[in-house]
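Reading through the structure tokens given below for one structure.
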Amino acid sequence: METGKEKEERISKGALIAMIAIIVSLIVVASYANWQNAHRDLIETTTVTRFTPEASASPTP
């Protein structure tokens, strides 16, 4: 048990910068994903074409 002043522990400056960088990068990735989701109709297109097979030649004897 400590007597007198309590021991004060602080986070290092490098760890704080790393945490802020991680949070900022997560915000950027989430914003980009939401932008892509909102503009999905412009980005993705689906083309449906009917496939009609050509008549096969009948075998000759």
Side-chain angles (χ1 to χ4, degrees):
M1 292 190 185
E2 291 185 20
T3 58
K5 294 183 179 180
E6 293 181 12
K7 187 177 181 182
E8 184 177 327
E9 294 184 19
R10 292 194 147 193
I11 190 166
S12 67
K13 189 175 183 179
L16 182 64
I17 291 172
M19 283 189 271
I20 290 172
I22 290 170
I23 290 171
V24 167
S25 63
L26 287 174
I27 289 170
V28 168
V29 169
S31 299
Y32 179 68
N34 285 330
W35 180 86
Q36 273 195 333
N37 191 23
H39 296 90
R40 180 171 292 193
D41 295 335
L42 300 174
I43 297 170
E44 297 178 357
T45 58
T46 304
T47 305
V48 178
T49 57
R50 296 184 74 176
F51 175 71
T52 55
E54 295 180 12
S56 60
S58 57
T60 57

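Model, not experiment: these values are computed from the prediction.
- Classified by interplanar angle (parallel below 30°, tilted 30° to 60°, perpendicular above 60°), the ring pair Tyr32/Trp35 is parallel.
- Applying the salt bridge (charged side-chain N to carboxylate O under 4.0 Å, His left out) test to every pair with at least one member in residues 21-35, sequence neighbours left out, gives no pairs at all.
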Check residues 10-31 and write down every donor-acceptor pair under 3.5 Å in which the side-chain atom is one partner and the other belongs to a residue at least two apart or another chain.
residue: Arg10; atom: NE; partner: Glu8; partner atom: OE2; Å: 3.2
residue: Ser12; atom: OG; partner: Ala15; partner atom: N; Å: 3.3
residue: Ser25; atom: OG; partner: Ala21; partner atom: O; Å: 3.2
residue: Ser25; atom: OG; partner: Ile22; partner atom: O; Å: 2.7
residue: Ser31; atom: OG; partner: Ile27; partner atom: O; Å: 2.9

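- Taking the side-chain hydrogen bond (donor to acceptor under 3.5 Å, both in side chains) definition, one finds that Arg40 meets it with nothing, sequence neighbours left out.
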